[in-house]
Structures are given as structure tokens and as C-alpha cells.
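Just follow the structure's listing: the first ligand is 1, and inside any ligand the first atom is 1. Positions are given from 1, in the same order as the sequence printed here.
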Amino acid sequence: MKIPLVDLQAQMKLIKSDVLKNITSVVEKCNFVLGEEVQKFEQEFAKYCGASFAVGLANGTDALHLAVRAAGIGTGDEVLVPANTFIATALGVTFAGAKVVPVDVNPKNFLMNISLIEKAITKNTKAIMPVHLYGRMMDLDPVLEITKKHGLIVIEDTAQAHGAELYGKRAGSVGLMGCFSFYPGKNLGCYGDGGLVVTNSSELKDKLISLRNYGSPKKYYHPILGFNCRLDTMQAAVLLAKLPHLDSYNQARYEVAVKYNRALEGVGDLVLPEVPEKKSHVFHLYVIQTKKRDTLLEHLNKQGVGAGIHYPVPIHLHGAYAHLGYKKGAFPVSERLSDEILSLPVYPEITDEQIGYTVEQIKKFF
Ligand SMILES: Cc1ncc(COP(=O)(O)O)c(C=O)c1O
């Protein structure tokens with residue numbers, strides 16, 4: 001049996017006709033750049049998130065970068081990010097000219113450790129960038145208390161948590177801005193690259209609209225330096241076809257996590273992920289921990305199971321961030337996780353048979 005980490009074809013087959021209808025409409029109208037589908041998707045996605053505005057961008061990295069810039073953060077400023085995240089969280093800060101300050105994560109939920117935040121704050125700190133990693137929405141109430149006390153802002157990295165919800169609020173709508181990626185394998189993914197920022201601030205929305213379009217609020221007028229990083233109309237058309245399915249995709253992912261947790265309880269030395277209250281975790285990734293990670297990964301891959309590692313290197317140990325001067329041991333939880341975490345296949349269309357096969361292979365290994 002071959003089970004990919006994510007099966008994009010399984011999903012595509014179920015929605016192909018809707019997607020093609022929307023794409024054909026763009027092709028026929030030839031409204032390729034900032035066509036009406038972009039605005040329509042922005043409106044629908046903002047509403048879905050419970051935010052006032054959304055600005056569609058070329059990818060999630062641009063969303064983070066432009067959000068930091070729109071907030072007026074740049075050279076000499078510092079932004080706190082979790083040490084265990086995808087590199088793009090940090091890149092968004094770096095591209096804006098600000099300094100990345102990693103914070104270690106909580107070993108139970110993999111998210112930025114709230115008790116370590118205040119120690120990392122200096123006179124240069126301007127923002128905290130929590131990541132709702134693997135699809136688990138972080139409780140931002142205590143973070144907001146800290147930001148209030150220190151006069152900081154929160155920019156959420158929501159690239160892995162479309163639709164996650166806590167205390168009645170959707171991920172991305174709690175901070176000043178929420179940054180999304182629509183990379184194909186995400187819970188809501190397009191058919192190429194895509195990204196977006198949600199916000200309740202009309203001023204920030206206007207800034208983001210200029211920044212994504214050469215710094216131009218009005219055609220051929222450029223009061224600020226900007227970029228070319230608009231959400232592609234074709235991608236917006238794909239996203240419009242997929243958005244109505246997002247809740248059921250997330251529900252299916254949650255059920256997969258419940259099934260894995262039941263089946264893997266007590267197997268070997270596995271530490272299974274917490275399955276918190278429904279909706280607060282949309283299981284973009286299902287991540288287990290074991291001291292035998294590398295050999296288990298090799299075994300699973302050999303048996304056709306597309307397990308993976310998210311992520312094998314914490315932010316501070318990448319060559320790209322060597323200039324920050326951190327040594328091994330600086331963020332011990334993130335470092336241990338990078339050696340012990342393993343992601344199992346999870347996608348809405350995965351079958352019980354595929355889950356069963358994966359579990360059987362893990363049991364065989366131990
Ligand atoms: C946590 C996180 N942040 C940011 C990004 C960047 O998104 P993109 O790949 O669309 O640039 C990703 C996804 O790749 C991500 O997983």
C-alpha cells in the first residue's frame with residue numbers, strides 16, 4: 001500500500017468540476033490580475049474568519065512580511081517567534097528588516113511557551129508572532145495580556161490553522177493581523193501559491209493593499225515602496241470553490257486524529273498529540289514523538305507510508321539564522337522535538353484502511 005503524507009488528488013477528484021468551472025470563468029473573462037474573484041474570496045474569507053477585512057497575497061511568506069511592514073516594524077525592532085516553526089515565520093520578520101527573537105515551545109502542545117515570553121522582551125520588542133502550529137489554535141488571551149502590559153502587538157501566523165476556533169473566535173482574528181498560506185497541502189489550499197492577511201483595521205487593510213501592488217494606492221502613484229505580491233485571480237477562483245468545504249475537511253482531519261490516538265495508545269514509547277476541544281485543533285499535521293524517530297521514519301517510508309518531519313531543524317540552528325549567534329542548547333524543547341517528532345499521513349479523504357495500515361506498520365516496528 002502507498003499512503004502519501006497528503007493526497008491532493010483524492011480531494012481534487014471530488015471538487016474538480018466546481019474548480020474547473022471557476023477557472024474557466026477567469027480564462028473567459030481574462031481578468032487575470034486582481035480580478036473580481038480576488039475581492040470575492042477576500043470578502044468570503046474575512047467573513048469566515050470573523051474579521052472585517054482580508055487582503056489576498058501571493059503566498060503566506062508575503063503575508064507575514066507585509067503584515068510586519070504594515071505594522072511599521074522594521075530595522076532595529078525585534079519580533080518574538082517560536083523556535084519550533086517553519087522557516088517562513090522568521091523570514092517574514094527578516095524581510096521587513098526586523099530581528100527574529102526565538103522563544104522555546106511548550107512540550108505538551110508544541111506552541112510558543114507563554115511562560116518564556118516576558119523574559120525575551122527587550123526595549124526593542126515590537127510584536128509577538130504566535131504560530132498555531134500543526135493546526136492547534138494557541139490560547140492568545142494570556143499573550144494579549146502581556147502585549148497590553150508592554151505595548152506590543154500580536155501578528156498571528158495562521159498558515160496551518162484555517163478555521164481553528166477557540167472561545168468563539170477563529171484563528172487569525174484575535175491579533176492585529178492574521179496571516180494565512182494557501183499552499184496546496186494546507187487545510188485550505190489552492191492550486192499553486194497563495195496567501196492572505198485578515199485584520200479588523202481599515203488603515204492596515206489599505207496599507208496592505210498598497211504594499212502588495214507596488215506601493216500604489218492609486219494607479220501610477222507610489223507614495224511608499226511596495227512589492228508585487230497579489231493573490232492570483234486563478235488561485236482565488238480555486239479557493240472560492242474550496243472554501244465551502246473547509247469545515248467538513250477540518251472535521252474529517254479531527255476524526256482521523258481521534259482514530260490514530262485510539263489505535264496508537266500505549267504503543268512503544270510513543271507520545272501522542274493532545275486532542276483538545278473540537279474546533280480548536282484542525283490537525284493540519286498529526287505529530288507523534290518517539291526516541292526512535294529516525295528508524296521509525298525509515299521503516300514507514302520503506303513500507304509505503306509517507307511520514308515526514310515538521311521540522312527537523314529549529315529556527316535558531318538554521319544556517320540562515322547563524323548570525324543570531326545561538327548555540328545548540330539555547331532552546332532545549334524545540335531541539336529535542338526536532339529529533340523526536342514524526343508526522344503521520346493526515347488528510348480529509350484518508351480511509352480507515354489507510355489509517356489501519358499505517359498503525360499496523362508502527363506496531364510492527366515496535
Ligand atoms: C507556519 C507557516 N508559516 C508560514 C508559511 C509560509 O507560507 P507559504 O509557503 O505560502 O509562503 C507556512 C507554509 O508553508 C507555514 O507552515
Side-chain angles (χ1 to χ4, degrees), residues 5-6 8 41 45 54-69 79-96 98 100 102-103 105 109-112 127-138 140 154-164 171-172 175 177-198 208 211-212 227-232 234-236 238-239 242 250 253 281-287 308-316 318 320-321 334 337-338 341 343 346-347:
L5 186 66
V6 182
L8 295 179
F41 176 68
F45 195 69
V55 179
L57 299 162
N59 54 65
T61 311
D62 285 337
L64 293 159
H65 167 204
L66 264 54
V68 175
R69 269 186 194 265
V79 179
L80 274 47
V81 306
N84 176 38
T85 182
F86 181 56
I87 189 86
T89 310
L91 292 178
V93 175
T94 305
F95 291 166
V100 168
V103 174
V105 298
N109 61 16
F110 309 110
L111 307 173
M112 187 187 273
I128 301 179
M129 190 177 273
V131 182
H132 305 295
L133 198 72
Y134 308 149
R136 180 162 187 174
M137 184 163 171
M138 184 166 165
L140 294 181
V154 170
I155 298 174
E156 297 172 67
D157 182 339
T158 324
Q160 300 190 0
H162 317 65
M177 286 173 275
C179 305
F180 290 85
S181 161
F182 302 118
Y183 180 80
K186 300 297 190 204
N187 289 32
L188 180 64
C190 55
Y191 289 180
D193 278 306
L196 177 144
V197 174
V198 293
L208 289 162
L211 282 169
R212 77 170 173 188
F227 304 84
N228 176 356
C229 51
R230 305 161 292 219
L231 176 64
D232 188 83
M234 212 79 91
Q235 300 306 337
V238 174
L239 291 164
K242 289 183 72 174
N250 285 342
R253 285 173 177 277
H281 201 327
V282 292
F283 283 95
H284 173 59
L285 292 167
Y286 176 87
V287 178
I309 303 172
H310 302 87
Y311 298 89
V313 183
I315 293 301
H316 63 292
H318 283 289
Y321 284 103
S334 297
L337 290 175
S338 67
I341 47 181
S343 312
V346 58
Y347 44 92

*With sequence neighbours left out, what residues match Tyr311 under side-chain hydrogen bond (donor to acceptor under 3.5 Å, both in side chains)?*
Gln160
*Any side-chain heavy atom of Val131 sitting closer than 4.5 Å to one from Val81?*
no
*Residues in side-chain hydrogen bond (donor to acceptor under 3.5 Å, both in side chains) with Ser334, at least two apart?*
Asp104
_Any donor-acceptor pair under 3.5 Å linking the side-chain atoms of Thr94 with those of Tyr321?_
yes
What short N/O contacts, under 3.5 Å, does ligand 1 make with the protein, listed by atom pair and distance?
from	atom 1	to	atom 2	distance (Å)
ligand 1	3 (N)	Asp157	OD1	3.3
ligand 1	3 (N)	Asp157	OD2	2.7
ligand 1	7 (O)	Ser181	OG	3.3
ligand 1	10 (O)	Gly60	N	2.8
ligand 1	10 (O)	Ser181	OG	2.7
ligand 1	11 (O)	Gly60	N	3.3
ligand 1	11 (O)	Thr61	N	2.9
ligand 1	11 (O)	Thr61	OG1	2.5
ligand 1	14 (O)	Lys186	NZ	3.3
ligand 1	16 (O)	Gln160	NE2	2.8
ligand 1	16 (O)	Lys186	NZ	3.0

*Establish, yes or no, whether a centroid distance under 6.0 Å links the rings of His310 and Tyr134.*
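Judged by ring-centre distance (under 6.0 Å), His310 and Tyr134 do not meet the cut-off.
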_List the residues meeting side-chain hydrogen bond (donor to acceptor under 3.5 Å, both in side chains) with His132, not counting sequence neighbours, and say none if there are none._
Glu156
